[in-house]
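Below, chain A is the first sequence line, B the second, and so on; all start at residue 1.
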There are 2 protein chains.
Amino acid sequence: MTLPVIAAVAAPTRDDLERWAEADREARPRRLARLRERMATEQVDGYFGVRRENTRYLTGFVLAEGEEKVAGESGRFFVSADEVVVLADSRYRVQAEEECPEARVEAVYGNLASRWPELLASLRPVSANGSNGSARSDSSAGPRARRIAVEAAFVSHGAWLRLAEAEPRVELVPVEGWVEELRAIKEPDEIERIHAACGVADAALARLLPSIRPGVTEAELALQLEWEMRTNGAEALAFDVACLSGPRAALPHGSPGARQVTPGEVLLFDFGAQVAGYRSDMTRTLFVGEPTPRDAAIYELVASAQQAALEALSRAVASGDRPTNRSIDSTARDLIVAAGHDEHFGHGLGHGIGLATHEAPALGRTAPEAPLPAPTVFSVEPGVYLDRETGVRIEDLVLFDPDARRFERLTSFPREITVVG
Amino acid sequence: MTLPVIAAVAAPTRDDLERWAEADREARPRRLARLRERMATEQVDGYFGVRRENTRYLTGFVLAEGEEKVAGESGRFFVSADEVVVLADSRYRVQAEEECPEARVEAVYGNLASRWPELLASLRPVSANGSNGSARSDSSAGPRARRIAVEAAFVSHGAWLRLAEAEPRVELVPVEGWVEELRAIKEPDEIERIHAACGVADAALARLLPSIRPGVTEAELALQLEWEMRTNGAEALAFDVACLSGPRAALPHGSPGARQVTPGEVLLFDFGAQVAGYRSDMTRTLFVGEPTPRDAAIYELVASAQQAALEALSRAVASGDRPTNRSIDSTARDLIVAAGHDEHFGHGLGHGIGLATHEAPALGRTAPEAPLPAPTVFSVEPGVYLDRETGVRIEDLVLFDPDARRFERLTSFPREITVVG
């Protein structure tokens, strides 16, 4: 068995967590100012947010992944000229007051539509005053909000209909991506947290290797890898661990099951950690015993495709260029297509990552073409999948920052062929 | 320390899992027939579903909790007169074909709007033919779908706008709760799975008790409780474990942290397991050392409120009655209000549970009043929370089946005051 050597990565300390929390507190006014500039440009008076990650980014209020499904309207928020208003039902009120000292916390109890007119009336419009709200005005006397931007990709159509009916004098403007565009550009403390999450994941896989032997099941290895992350610095997983053996590796999003690790097959791990809200994402395809010629050839092809994309990004950074999301996808994809595997690489090359596992930018054939944002962090993850036979994917996260001439791989587990078992 | 004795509950076996999978396969045609009756009554030609749980219930395609966020349009589905159509991108195609042998699997790649007209054109309408579709007709020659029901509580407003624009000749009808109403009425094999999940959770808490001692942190206990469940029959958690000590127990949805277990305080656990897709949910408030008079009095009040609701439900079942969701909430709440704690019980008395942790019926003051569905499973979970001081909640799941004269508690961990540490 070839045991990769990983540089020891220290798990985040309590000091780290406090420093990052402080960085967020300092960053939030800058983030809000950028959103208010956009609001002024687009002539909306207020912004109504519903996406969990956007709530955390702009207000500091934390809902765990999936918690939004049972939190009712808690965590939804308004941004006006001079205020942030966070909604919280009785279960979340104390938490909201503690996490959002700068915000006004308003109680809602599943009755958002009935309170909607009053909440809108309490907002001081951005567009009537430019983007720099000063002291809060007496809302009953001031100008009324007439156009409210609403996160259309995250508010349900049913909720939209109820809100529109509740206050027909206010126009709801469907907007998508306004906060996501801000989030795509990463601050230094955000990059540090993603890097820390990568370190937790790197170390966990290295510790798992001795347990990988014929007969152990996918589900057992997935659970152990999760345990390694969560007891060594991860506050949560970024997503459920994928551990897929042999033909099941051809399921790019399959779930680990009772299938046993078998010599002569691949073993694919796709996993990530979460540290202080920020995620990592990495895929490694290991070999149980000596690789078959077919699997080794596919591995080398995927590795070369990934390497080509990384080199193109590195050259762009060296020259201060910003290639497009589609061009980087093509750089990797062309090699896979040339090898006759066009149909076996069905997904995009990569995706941004941060508070969400998948966020902007999207690298792929179908995404609208645009220069990469910067500085940003995204995955580079080509794959080749032969249905019901085998699959190989290699995924790393990279920091792309041409202005600072920085291009770094944030995941550090070796990418060479690794034989286990 | 008072160690409750729990009857040993066998973790689900592979035979159980196969039996439940078979039961689902047999149940799906009946579930679909009920949906098609509703579609015919409401004169819609097709049904477009997007909610993860509804996909599993009607088609068999499984996405893990939260996986829908990265699955694109995979798992979205249509029901027409004679077909189920499941959408899957390349990552999920093989899985969809395996899990949904009765369905037509259609490939989408983030391009649903562009394929929408063609997909609608391929559906044979329900309303033109009554609810009993026979063999699939040649869709190009048959009648066209004119009205499509869309799950408005789960499709985003942004997606709605794109779909409406893509095929303006087809009316999109926003519907909510059609499948959820079916899911509220539980089949025997669904009840069995919820009960199995309760057994996993009961046993896990019993095994955790010796580890609860002053100095251990909330986060450590939460992780150990999770581990106990996931290595003894739970395929996943129903939701993140809440473990909250002392004043933090007043946060009904707080997250476990670095706070240490301290003598003289309460320790609240809210947790659940998932078995073959179905969830449990239980809350126990334990005492670390002897309870203070204040905490003991609150505990007895909450326990008596829960007992009053359970007895009212038991009487209803004995007489074959179906009380309303609001009346049962009031039965418990009146006792808490009479004790002067009206403001300290801010949430509803309970919620249905099944494939989702929170589903119909909702028991509370704000839910529209309606007789309870039956047979059904829901939580009974009164609580009293003193901000920044202490909190007590006691939560059990019950099976309510007046037609069969069955009323059973599915969670069996003792509800008496339990002193640990």
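- For chain A, no part of B/Arg248 is nearby; none of its heavy atoms comes within less than 4.5 Å.
- Within the 4.5 angstrom heavy-atom criterion, atoms from both the backbone and the side chain of B/Tyr109 approach chain A.
- For the pair B/Glu65 and B/Arg279, the salt-bridge criterion is met [side-chain N within less than 4.0 Å of a carboxylate O].
- No other option in A/Thr366, A/Val155, A/Leu161 has as many heavy-atom pairs under 4.5 Å with chain B as A/Val155.
- Put simply, of A/Gly364, A/Gly158, A/Ala258, A/Ser74, the one with the most heavy-atom pairs under 4.5 Å next to chain B is A/Gly158.
- Checked for salt-bridge contact, B/Glu73 and B/Arg115 miss the test: no charged N lies under 4.0 Å from a carboxylate O.
- Looking at A/Asp342 and A/Arg333, no side-chain N of the basic residue comes within less than 4.0 Å of a carboxylate O on the acidic one, giving no salt bridge.
- The side-chain contact (heavy atoms from CB on, under 4.5 Å) test with B/Arg393 singles out one residue from B/Asp270, B/Leu244, B/Val384, and that residue is B/Asp270.
- For B/His358 and B/Phe239, the ring centers are positioned 6.0 Å apart or more.
- Heavy atoms closer than 4.5 Å to chain B are found nowhere in A/Glu343, neither backbone nor side chain.
- Ranked by heavy-atom pairs shorter than 4.5 Å toward chain B, the options A/Val62, A/Leu223, A/Asp89 are led by A/Leu223.
- In this structure, B/Glu165 places its CD atom where only 12 or fewer heavy-atom neighbours from other residues, nucleotides or ligands lie under 6.0 Å away.
- Contacts between A/Arg365 and chain B at a heavy-atom distance below 4.5 Å are absent for every atom of the residue.
- Taking B/Ala250, B/Ser156, B/Ala236, B/Ala367 one by one and counting their heavy-atom pairs under 4.5 Å with chain A, the maximum is reached by B/Ser156.
- Put simply, of A/Arg230, A/His157, A/Arg93, the one with the most heavy-atom pairs under 4.5 Å next to chain B is A/His157.
- Salt bridge status for B/Arg52 with B/Glu67: absent, with no side-chain N to carboxylate O gap under 4.0 Å.
- The contact between A/Glu98 and chain B is made entirely by side chain atoms (from C-beta outward), counting heavy-atom distances below 4.5 Å.
- For a residue to count as touching a neighbouring chain, one of its non-hydrogen atoms must lie under 4.5 Å from one of that chain's; by this rule A/Asp240 touches chain B with the side chain only.
- Annotation: maximal heavy-atom pairing with chain A below 4.5 Å, among B/Ala71, B/Ala152, B/Ala159, B/Gly72, occurs at B/Ala152.
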Decide salt bridge (charged side-chain N to carboxylate O under 4.0 Å, His left out) for A/Glu176 and B/Arg162; before the verdict, give the C-alpha distance in whole Å, the side-chain angles of both, and the deciding distance to 0.1 Å.
CA-CA 13 Å; A/Glu176 298 189 14; B/Arg162 286 186 282 277; 3.1 Å; yes

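- What you find for B/Pro256 and B/Ala242 is that their closest heavy atoms are CD-CA, 4.3 Å.
- Only the side chain of B/Glu226 has a heavy atom closer than 4.5 Å to any heavy atom of chain A.
- Neither the backbone nor the side chain of B/Glu359 comes within less than 4.5 Å of any heavy atom in chain A.
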